[in-house]
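Okay, so here's the structure we're looking at.
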Amino acid sequence: MTAASSSNSAKANALLFVTVALWGSNVPLVKWLTGAFDPVLLSALRMGAASCVLSLLLLRQGPRKALTGHQRVQLMICGFFMVYLNQVFFVAGVARSTATNGTLISASNAMFGSLLAWIFLRERFPGRRMMGIALGMAGVAMVILMRPGADLAEGGLGDVMVVIATIAFVAGGVMVQRLAVDVDAVTISVGVHIVGGLCLLFHLGVQSAWTGQLPRADGLPVAWVAVILSGVVATGLGNLMWNRAIAIVGMARASVWTYWMPLFGVALSVSLLGEPLTPWHVLGLLLVLGGTRLGSR
């Protein structure tokens with residue numbers, strides 16, 4: 001490894017660690033905010049804040065080379081998956097479930113990243129990776145199914161929605177890896193957030209017209225400040241750092257860093273939100289992390 005490649009790898013590792021710390025801490029914050037905001041409105045506000053700060057960064061860095069038509073289409077698809085679908089399912093899922101479960105299920109990011117990288121990017125897929133995916137799937141299933149009977153229907157649905165959100169985000173990340181060959185991370189991040197944000201606004205308009213009601217937004221000033229911080233720091237800057245790291249080390253290697261998410265997310269969910277941490281959570285987490293370790297090597 002050359003000195004330049006070693007320096008780039010160290011930079012990517014630093015970006016990834018900060019990113020997963022922000023994302024892990026953001027899950028209990030989003031869970032708390034769902035008590036004050038409609039889930040789709042919450043997502044639209046967060047993505048709007050992220051788009052604003054990223055657009056300012058883009059303008060500050062000066063003019064960019066114009067995107068080709070094919071790159072624009074790729075960017076739109078990335079935004080639809082990585083922002084719109086991810087946020088719609090994630091926020092609604094966490095609202096129905098717990099921040100602890102949402103964080104633990106999100107830890108399967110690396111497992112799904114490894115699987116999709118094999119399918120779409122033709123990365124190697126040895127037998128231990130298949131075994132790792134099986135273990136990870138078992139861990140996710142355990143987190144979802146080992147609930148009290150009275151909580152299984154609503155909470156289980158929320159957990160499944162978080163699984164869908166994770167897959168949507170990873171699918172967008174695979175497309176980002178292809179797009180990042182010719183397009184810089186700031187342009188990608190601005191594009192996907194603007195596209196995703198517009199999709200969320202359209203969804204919000206259709207939802208309001210269908211129900212005949214304005215979306216719920218009864219948050220206190222502190223809740224509005226938390227929404228802005230969540231959008232700007234965790235979502236906007238977090239996704240910018242993630243996309244930059246993907247461009248350096250690739251999707252499969254970047255996804256391994258999601259091992260750290262549960263440490264931040266679960267700690268805050270238990271300490272600040274008072275959520276229970278059961279032996280099934282611990283066992284499910286060990287299976288997910290162990291399976292992800294095998295599946296992402």
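What you are looking at is a predicted structure, and each value in this text was computed from that prediction instead of being measured.
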Item to complete: Please check if atom CG in L214 has more than 12 non-hydrogen atoms from other residues, nucleotides or ligands closer than 6.0 Å.
Response: no
Discussion item. To check you understand the geometry: which heavy-atom pair defines the closest contact between S271 and A267, and what is its length?
Written reply: OG-O, 2.6 Å
Discussion item. Go through it in stages, so that I can follow the logic: the residues are C199 and L85, the test is side chain to side chain contact (heavy atoms under 4.5 Å, CB included), and I'd like the CA-CA distance, side-chain angles, deciding distance and then a yes or no.
Written reply: CA-CA 9 Å; C199 290; L85 287 183; over 6 Å; no
Practice prompt. Work out which heavy atom in S55 is nearest to a heavy atom in S51; give both atom names and the distance.
Written response: OG-O, 2.7 Å
Fill in: Test item: L22 and M241 side chains (from C-beta on) under 4.5 Å apart, heavy atoms
yes
Fill in: Minimum side-chain heavy-atom gap V162-F89 below 4.5 Å
no
Worksheet item: To the nearest 0.5 Å, what is the distance between NE2 (H70) and CG (L179)?
Response: 8.5 Å
Discussion item. Within the structure provided, determine whether L75 and V195 are in side-chain contact (heavy-atom separation under 4.5 Å).
Written reply: no
Fill in: Approximate separation, where rounding is to 0.5 Å, of S43 OG and L200 CG
5.5 Å
Discussion item. How close do N86 and T166 get, counting heavy atoms only, and between which atoms?
Written reply: ND2-N, 4.4 Å
Practice prompt. Could you check whether the rings of F169 and W242 sit parallel, tilted or perpendicular, using 30° and 60° as the cut-offs?
Written response: tilted
Worksheet item: Do the side chains of F81 and I164 join up, straight or via other hydrophobic residues, at under 4.5 Å, putting them in one cluster?
Response: yes
Worksheet item: Are L198 and I77 connected, step by step, through hydrophobic side chains (Ile, Leu, Val, Met, Phe, Trp, Tyr) whose heavy atoms are closer than 4.5 Å?
Response: no
Worksheet item: Going through the distances and angles, do V27 and F90 end up as a side chain to side chain contact (heavy atoms under 4.5 Å, CB included)?
Response: CA-CA 9 Å; V27 177; F90 177 75; 3.8 Å; yes
Practice prompt. Kindly say whether G35 contributes a backbone atom to a donor-acceptor pair with the side chain of R216 at under 3.5 angstrom?
Written response: yes
Discussion item. Do E275 and K31 make a side-chain contact, defined as non-hydrogen atoms from C-beta onward lying under 4.5 Å apart?
Written reply: yes
Item to complete: Looking only at non-hydrogen atoms, find the nearest pair between G172 and C78 and report the distance.
Response: O-SG, 3.9 Å
Worksheet item: L268 versus L273: any side-chain heavy-atom pair under 4.5 Å?
Response: no
Response to the item:
In terms of heavy-atom contacts, I246 and G173 come closest through CD1-O, 4.3 Å
Worksheet item: Which distance, rounded to the nearest 0.5 Å, do you find between the CG of L240 and the OG1 of T19?
Response: 8.5 Å
Practice prompt. Say whether I188 and L67 are linked into one hydrophobic cluster, either directly or through other cluster members, by side-chain heavy-atom distances under 4.5 angstrom.
Written response: yes
Item to complete: Report whether L157 and V88 are members of the same hydrophobic cluster (ILVMFWY, side-chain heavy atoms less than 4.5 Å apart, transitive linking).
Response: yes
Worksheet item: Does the T103 side chain pair with the main chain of A99, one donor and one acceptor, at a distance under 3.5 Å?
Response: yes
Discussion item. Do L54 and V186 make a side-chain contact, defined as non-hydrogen atoms from C-beta onward lying under 4.5 Å apart?
Written reply: no
Worksheet item: Do the side chains of V192 and V190 join up, straight or via other hydrophobic residues, at under 4.5 Å, putting them in one cluster?
Response: no
Worksheet item: At their closest point, which heavy atom of L201 faces which heavy atom of A44, and how far apart are they?
Response: CD2-CB, 4.3 Å
Practice prompt. For residues 227-239, pull every pair meeting side-chain hydrogen bond (donor to acceptor under 3.5 Å, both in side chains), keeping only residues two or more places apart or in separate chains.
Written response: N26-S230, R46-S230, R46-T235
Practice prompt. Could you walk me through whether M175 and Q74 pass side chain to side chain contact (heavy atoms under 4.5 Å, CB included), step by step?
Written response: CA-CA 7 Å; M175 299 177 209; Q74 285 182 299; over 6 Å; no
Worksheet entry | Which residues share a ring-ring contact (aromatic ring centres under 6.0 Å, His included) with F37, sequence neighbours left out | W224
Worksheet item: Which residue pairs pass the side-chain hydrogen bond (donor to acceptor under 3.5 Å, both in side chains) test when at least one of the two sits in residues 186-207, sequence neighbours left out?
Response: D38-Q207, Y84-H203, D184-T187, S189-N243
Worksheet entry | Contact check, side chains of L204 and P215, non-hydrogen atoms, under 4.5 Å | yes
Item to complete: Spell out, as yes or no, whether a donor-acceptor pair under 3.5 Å connects the side chain of W23 to the backbone of G238.
Response: no
Worksheet item: Side chains of L29 and L229: does their closest heavy-atom pair fall under 4.5 Å?
Response: no
